[in-house]
Structures are given as structure tokens and as C-alpha cells.
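Here is the structure we will look at, set down as C-alpha cells.
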Amino acid sequence: MELSQPVYALIDCNAFYVSCERLFNPLLRQRAVVVLSNNDGCVVARSPEAKAIPIAMGVPLFQIKDHVTQGRLVALSSNYTLYGDISHRVMSTLEQYGRAQEVYSIDECFLNLAGDPHPDITMHQARHQVGHDIGIPVSIGIGPTKTLAKLASDLAKKLPTGVYNCPLPGPALATLLERVPVGDVWGVGARIAETLHTWGIRTALDLARLDRGIMQNKYGVTGARIIEELRGQPCHALETAPPAKQSITVSRSFGTIVTQQADVRSAIANFIERAAEKARAQHRCASSLLLFVAGNRFDQRAAHCDATHTITFPVPTNVTSELLTAADRCMPTLLKANGRWKQAGVTLLGLLDQSTQQQSFLDPINRPRAQALMTAVDGINAKHGRASIRPGSTTLSSRWQPLANRCSPRYTTNWDEVPRVY
DNA sequence: TCTGGGGTCCTAGGACCC
DNA sequence: TCTGGGGTCCTAGGACCC
């Protein structure tokens, strides 16, 4: 029987992409370095020296070009294959230090440290091993909730030891939260911070003391959970097995404005191929395919180019040729004449498990039976004064999960039961 | 001139279906 | 002077995360 309090650690790799590049090029150490997004568009990672210049996160390259040309700053194109490989090694090393691990992003993971009598010591050891074996510097925050662990990791970045253990709820925690701007809290972005400021909420402590009903009203359960977590009440458990993806997107910005429909068309064909590969790798089939194109989002006049189009499949698919054929048919709808496109992409939606999708209502062969079943179910329900549980349209799949999971156990998708209700 | 990509969740209204 | 209700899908927008 486990009675120990929850203890979470958040391990965050410092300036991860830059740290990866430095592993292979020691000349980059001590220098101001940034790593750029695709197309070398904008800054996605900064070394502490670059932050000190200061170089802001997300700033476009052309705005900091002078720093680069005058030798004050090194700007590197990104190499995601490399970062993914290093990330994997870091995560494997850290895994052994907790009872369970949640890989939260390419450069962050949570560990469950419940029951560990000395979480501080354990985390110092973890930090040392990652630094020694792999060469990646990390910051570690420890706390009774994920939100507090995350907050603690931000504080850890400013400590030479690189590890910070957040106090348990009480006066010490209040003193700590009072020094944290509300916008630094996990889940509070720029917009919410702005609204909170107008309410007079400036620090994490102000937010922790806010009536959770007010937050719930404005931001739903997501907002209320932030308050609970700040108070030390865990609302977010560790997700050790990542849930299956609900959508798969492949999109890119073009290096320049594209005006030829044929160019957009071939770009989309490429995106579809990559998305289909991803779906197959995850053993998933898509019920629908969303295509989108957009103009330059920094240019208001280009907004007329923005368009989306959704195609739904009678039978879910991850077959490239089927997706391509469907996409090709709606290109005229999607691409208006005289477009000036800057971006395009595809999203696979309504992902179903490859092995179960054949049994769903989607299969056109089963459609009449599906209707028959529902009619029968209506009859049964009417007799017992119950509302029917509908699977929705019989022409489409349930968009979000296999049908079998959505129906009440009484009315499963076992087709052999249909004759019996007649 | 030049401004990332890939996700999540939530809300809401209209079309459509039975 | 009354108009069904419940459900899904689509689109769109608003937030957030890394």
C-alpha cells in the first residue's frame, strides 16, 4: 500500500538544441549561439550568452543579422535528427531515477519520485550523470504537483546547483509564489496573464488565492486546475504511456510567396505522403483529411488566400494513393485563382486504430446493418423509456475514437446480434 | 525582401440526421 | 402565439504547450 505523498520532478535540458550543437563543436562553447527554425526563419533556441545580448525567443533572423555578420552571434540551422537522438539518450538515462517517467517534450521529462526519502540527492545524481555521460546540462525542479515542479525548474536554472526543491504548501511556498510573475506559471500564457493583470492578479500567489470558481467560469476546468496545482493539489497525473495521437499534421512555410497552383499542389502531395507514412508507422487510419493553405500571416492583405477543405472517407485510410486522389479532386475548391500562398499543410483527423477500423460503421458494406441496428435499438429503448445511444452518422466514422469505445456495452458493434432484436 | 512546426483542449453556431 | 431533442460533423476561433 502506497501512502506517500506525490513528488514530481521536472528535468529540463538547458538551451537544448544549442547544447546538442555544442557537443560536436567545442568552439561554440562560451559563445553566443542560436539555432534557427525551418527555412532559417526565426530563433528557436538560445545559449545563455545569446539571451544576454539580448536575443528574444522567436525573433526572425533578418532582425538579428547584424549580430551575426559582425561576429557577436553564431546562428545555426537546425538538425532535428540529431536532437532527437540526443534526447533519446537523455531520457533513457533519466528513466532509472524515478518510479515512472513521462517524456513531456524533446527536452523535458517528468519523473515520479514518490517514496524517495531524498529526492534532492537523487536529482543531483541524475543531473551529474546526464552531464557526465552525455554532456547535456539540465535543470531540475521538484514539487508536490507538476505545475510546482515546473515552476521549481525555472528557479533551478538560476542556481549553480541546478536543482531546486519546491517547499510543501505553507508559508514558505507562499513566499516563493509571491516572487513569481503570474505569466510564468505553467498554463498561463500571454493572453491569460493580460486578463489576470486587469483583475489585479500579478503573482503566482495572487492566482493561488483566487476563487477557483472565477477561474473556472472564465477558462473552464483547465483554468481551475492551475489554481489547484499551485495550492499543491495534483490535478495532472504522470502520463507514462503517451496517448495515441488524435491528429497528424505535416505543414511547411514556403521560402517565398508561391503563386502557381501547380506548386502548391505538389507541395501538398508531398505533405500527404509524409503524413500517410506517419499514420502507418502509428498503425492508424484517418477518417478525414484536412487541407489548408494560407497567405503571409504577417500581411493582412494576404488573408484572402487562407482556405481549408475537409474530406471525409467512407472507409478510413492511410494509403497514400487514396489520400492523394481525394486531395486532388478538391484542389480547385481549395486554390483560388491569383493566390499568393506562403504556407500549406495537411492534417489527418479522426484517427482510428488500424486493426479495429474495419468493424466500424464506416465500412459501407455494413451501413445498412448499422441502420437496422439503430432502428432496433431505438425500439428497445422506447419500450424501456430510455434515450437511444446514437453512434452518429452512419456514413462517417466517429471522428475521435473507434466506435466500439463509444457505445454502451449493451449495444456493442457485434453485428451477429442484429437479427436477434428483430 | 526576410517571421517554425507540431500538438493539445475548449467553445460555439449552423447544417444535417433520425 | 404552438414550433422536438439529441447527436455528429464542420468550421472557426481562442487559448495553451514545447
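Every chain is numbered from 1, with letters handed out A, B, ... down the list of sequences.
The distance from atom OG1 of T122(A) to atom CD of Q96(A), rounded to the nearest 0.5 Å, is 11.5 Å. Here the NZ atom belonging to K278(A) is positioned 9.5 Å from the CG atom belonging to L348(A), to the nearest 0.5 angstrom.
Of the candidate nucleotides dC2(B), dC18(C), dA15(C), dC18(C) has the atom nearest to the side chain of S105(A). The listed nucleotides are dC18(C), dG6(B), dT3(B); the one nearest the side chain of S251(A) is dG6(B). Of the candidates dG5(B), dC16(C), dC18(C), dC18(C) carries the atom nearest the D107(A) side chain, counting heavy atoms from C-beta on. Closest to the Q246(A) side chain, of the nucleotides dT8(B), dG7(B), dC10(B), is dT8(B). Comparing dC10(B), dC10(C), dG7(B) against the side chain of I248(A) picks out dG7(B) as the nearest. When the nucleotides dT3(B), dC16(C), dC10(C) are ranked by their closest atom to the side chain of S288(A), dC10(C) comes out on top. With dA12(C), dC9(C), dC18(C) as the choices, the nucleotide that has an atom nearest any side-chain atom of T312(A) turns out to be dC9(C).
Contact between the side-chain N/O atoms of K245(A) and the OP1/OP2 oxygens of dG6(B) is not found at any separation under 4.0 Å. Here K278(A) reaches the OP1 or OP2 of dG7(B): one of its side-chain N or O atoms lies under 4.0 Å away. Between T249(A) and the phosphate of dG7(B), there is a side-chain N or O to OP1/OP2 separation shorter than 4.0 Å. In this model, the phosphate group of dG5(B) is approached by a side-chain N or O of S253(A) to a distance below 4.0 Å at OP1 or OP2. Taking side-chain N and O atoms only, R252(A) has a distance below 4.0 Å to OP1 or OP2 of dG6(B).
Residue T308(A) is classed as a sugar-phosphate contact, given heavy-atom separations below 4.0 Å to backbone atoms only. Among the heavy atoms of the strands, none lies under 4.0 Å from G220(A). Across all strands shown, Y219(A) has no heavy atoms under 4.0 Å from either base or sugar-phosphate atoms. No engagement by N39(A) is indicated, since no non-hydrogen atom pair under 4.0 Å with the nucleic acid exists. If you check every strand for non-hydrogen atoms under 4.0 Å, I192(A) touches sugar and phosphate atoms only. Within 4.0 Å (heavy atoms only), V59(A) reaches no atom of the nucleic acid at all. In this structure, K218(A) reaches neither bases nor backbone, as no heavy-atom distance under 4.0 Å exists between it and the strands shown. Residue contacts for E108(A): at a heavy-atom cut-off of 4.0 Å it reaches the sugar-phosphate backbone alone, with no base atom in range. When heavy atoms are screened at a 4.0 angstrom cut-off, S247(A) is found touching the sugar-phosphate backbone but no base atom. Residue contacts shown for A275(A) are absent, as no nucleic acid heavy atom lies under 4.0 Å away.
Spacing between atom NZ of K65(A) and atom C1' of dT1(B) amounts to 10 Å, rounded to whole angstrom units. Between E277(A) atom CD and dG6(B) atom P there is a gap of 13 Å when expressed in whole angstrom units. Taking atom CD on E229(A) and atom P on dC17(C), their separation rounds to 14 Å, with Å as the unit. Atom CZ in F110(A) sits roughly 9 Å away from atom P in dC18(C) (whole-Å rounding). The NE2 atom of H236(A) sits 16 Å away from the P atom of dT8(B) (whole-angstrom rounding). Between the CG atom of L290(A) and the C1' atom of dT11(C) there is a distance of 10 Å, given to the nearest Å. Remark: P of dC18(C) and CE of M57(A) are 10 Å apart, rounded to the nearest angstrom. Distance, H309(A) NE2 to dA12(C) C1': 16 Å, rounded to whole Å.
dA12(C): Watson-Crick or G-U partner is dT11(B), with both key distances under 3.5 Å.
Remark: ring of F62(A) not stacked against base of dT3(B); the cut-offs of centroid gap under 5.5 Å and plane tilt under 30° are not jointly satisfied.
Mapping V221(A) and G58(A) onto DNA chain B by nearest heavy atom places G58(A) closer to the 5' end of the strand.
Between Y8(A) and W186(A), the gap from one ring centroid to the other reaches at least 6.0 Å.
Environment of CG in N338(A): sparse, with no more than 12 heavy atoms of neighbouring residues, nucleotides or ligands closer than 6.0 Å.
Comparing the C1' positions of dC16(B) and dG4(C) gives a spacing of 15 Å, expressed to the nearest Å.
Between the side chain of R284(A) and the backbone N or O of A279(A) there is no donor-acceptor pair closer than 3.5 Å. R127(A) contributes a side-chain N or O that, together with a main-chain N or O of V138(A), makes up a donor-acceptor pair within less than 3.5 Å.
The only option from V319(A), T320(A), V315(A) that meets the side chain to side chain contact (heavy atoms under 4.5 Å, CB included) definition with T317(A) turns out to be V319(A).
V258(A) places none of its side-chain heavy atoms less than 4.5 Å from the side chain of K342(A).
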